[in-house]
Enquirer: 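For reference, the structure I am asking about is given below.
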Amino acid sequence: MSAPNLVYVTTIRTTADQLWKALTDPDFIRQYWFGRRNTSTWKEGDAIESRSPEGELEWQGKILKSIPGQEVIFTFESLNMEKAEPPSRVTFKIEPMAEAVQLTIIHDEFPEVSAVRDRVSNGWPSIIEGIKGLLETGDAQALKSSCS
């Protein structure tokens with residue numbers, strides 16, 4: 001049996017192309033992903049890796065599916081856990097709406113007991129707020145400030 005999936009859905013006032021860039025450009029990612037840089041060619045079969053602000057490799061994976069402006073799916077193998085776990089899977093799905101896009105993030109395929117799941121479940125909401133803030137206002141902290 002596996003642990004429950006993590007599913008996050010938000011609407012962002014932007015275009016599918018701008019959201020795709022926000023999800024795949026390492027310099028943009030760094031602004032909302034706690035200073036980390038996620039790099040990849042974003043082509044099916046290629047590697048993805050995430051490095052800390054100090055350059056340490058923290059997680060890696062493989063691109064399973066990539067349709068620019070629509071969807072990317074990749075494996076997620078955390079490298080800095082006390083106990084190694086098999087890779088989980090992350091899906092970013094972009095769906096255009098009238099004057100916005102819907103971003104759905106699904107993180108799944110965790111083992112039944114998963115320290116990785118526990119850790120990332122705390123990170124995804126902040127990452128999503130950062131993406132939304134940057135794309136809608138130009139400030140990753142804008143939504144957090146207005147909600148405080």
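All values below were derived from every heavy atom in this structure, side-chain atoms included, with hydrogens, water molecules and symmetry-related copies excluded.
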Enquirer: Does Phe76 have any ring pair (Phe, Tyr, Trp, His ring centres under 6.0 Å) partners at least two apart in sequence or in another chain, and if so, which?
Expert: Trp59, His107

Enquirer: Please report the C-alpha distance between Leu135 and Tyr32 in whole Å, then the side-chain angles of each, then the deciding distance to 0.1 Å, and finally whether the side chain to side chain contact (heavy atoms under 4.5 Å, CB included) criterion is met.
Expert: CA-CA 11 Å; Leu135 290 172; Tyr32 65 80; over 6 Å; no

Enquirer: Of the non-hydrogen atoms in Thr15 and Val101, which two are nearest, and what is the gap between them?
Expert: C-CG1, 3.7 Å

Enquirer: Same hydrophobic cluster for Leu57 and Phe34, using side-chain heavy-atom links shorter than 4.5 Å among ILVMFWY?
Expert: no

Enquirer: Go through the structure and list residues passing side-chain hydrogen bond (donor to acceptor under 3.5 Å, both in side chains) with Thr10, not counting sequence neighbours.
Expert: none

Enquirer: What pair of heavy atoms forms the shortest contact from Ile29 to Ala22, and how long is it?
Expert: CG1-O, 3.5 Å

Enquirer: Are Val120 and Tyr8 connected in a single hydrophobic cluster, I mean Ile/Leu/Val/Met/Phe/Trp/Tyr linked by side-chain heavy atoms less than 4.5 Å apart?
Expert: yes

Enquirer: In this structure, would Ile106 and Ile127 fall into the same cluster of hydrophobic residues linked by side-chain contacts under 4.5 Å?
Expert: no

Enquirer: Looking at side-chain heavy atoms only, is the closest gap between Leu103 and Ile131 below 4.5 Å?
Expert: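 Side chain of Leu103 against side chain of Ile131, heavy atoms only: contact under 4.5 Å found.
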
Enquirer: For Asp118, check side-chain contact (heavy atoms from CB on, under 4.5 Å) against everything at least two apart and list the hits.
Expert: none

Enquirer: Is any side-chain heavy atom of Pro53 less than 4.5 Å from a side-chain heavy atom of Arg36?
Expert: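 They are in side-chain contact.
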
Enquirer: Run the side-chain contact (heavy atoms from CB on, under 4.5 Å) test against Pro26 and tell me which residues pass, sequence neighbours left out.
Expert: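 side-chain contact (heavy atoms from CB on, under 4.5 Å) check on Pro26 returns Arg37, Thr39.
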
Enquirer: Less than 4.5 Å apart, any side-chain heavy atom of Arg117 and any of Pro4?
Expert: yes

Enquirer: Side-chain heavy atoms under 4.5 Å apart, restricted to Ile/Leu/Val/Met/Phe/Trp/Tyr: what other residues fall into the cluster of Ile73, or is it alone?
Expert: Leu64

Enquirer: For Glu56, enumerate each residue passing the side-chain hydrogen bond (donor to acceptor under 3.5 Å, both in side chains) test, keeping only those at least two apart in sequence or located in another chain.
Expert: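 Result, side-chain hydrogen bond (donor to acceptor under 3.5 Å, both in side chains) vs Glu56: none returned.
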
Enquirer: Could you list all the salt bridge (Lys or Arg N to Asp or Glu O under 4.0 Å) pairs where at least one residue sits in residues 96-106, not counting sequence neighbours?
Expert: none

Enquirer: Report the residues that fulfil side-chain contact (heavy atoms from CB on, under 4.5 Å) with Gln102, sequence neighbours left out, ordered by chain and then residue number.
Expert: Val9, Glu95, Met97, Thr104

Enquirer: Do Phe74 and Leu79 share a hydrophobic cluster, counting only Ile, Leu, Val, Met, Phe, Trp and Tyr and linking them when any side-chain heavy atoms are less than 4.5 Å apart?
Expert: no

Enquirer: So which atom in Trp42 and which in Asn38 form the shortest heavy-atom distance, rounded to 0.1 Å?
Expert: CZ2-O, 4.3 Å

Enquirer: Once rounded to the nearest 0.5 Å, what's the spacing between atom CG of Leu6 and atom CH2 of Trp124?
Expert: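 If I round to the nearest 0.5 Å, the distance is 9.0 Å.
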
Enquirer: Please list all pairs passing the salt bridge (Lys or Arg N to Asp or Glu O under 4.0 Å) test where one or both residues lie in residues 62-76, with sequence neighbours left out.
Expert: Lys65-Glu71

Enquirer: Quick check: closest heavy atoms across Ser88 and Asp108, and the distance to 0.1 Å?
Expert: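 That closest heavy-atom pairing would be CB-O, 3.2 Å.
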
Enquirer: Locate the shortest heavy-atom distance separating Ala100 from Arg13; write the atom from each residue and the value.
Expert: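 Closest approach of Ala100 to Arg13: CB-CA, 4.0 Å.
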
Enquirer: Indicate whether the side chain of Ser114 and that of Glu85 have a donor and an acceptor atom separated by less than 3.5 Å.
Expert: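 The answer is yes; a qualifying pair exists.
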
Enquirer: Mind checking side-chain hydrogen bond (donor to acceptor under 3.5 Å, both in side chains) for Thr14 and listing every partner two or more places apart, or none if nothing turns up?
Expert: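 Gln18.
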
Enquirer: If the condition is side-chain contact (heavy atoms from CB on, under 4.5 Å), which residues does Asp46 pass it with, not counting sequence neighbours?
Expert: Thr41, Lys43

Enquirer: Looking at CG of Leu19 and NZ of Lys132, how far apart are the two atoms once the value is rounded to the nearest 0.5 Å?
Expert: 10.5 Å

Enquirer: Who pairs with Gln60 by side-chain hydrogen bond (donor to acceptor under 3.5 Å, both in side chains), at least two apart in sequence or on another chain?
Expert: Glu77

Enquirer: Which heavy atom of Trp20 sits nearest a heavy atom of Ile67, and at what distance?
Expert: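 The answer is CZ3-O, 3.7 Å.
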
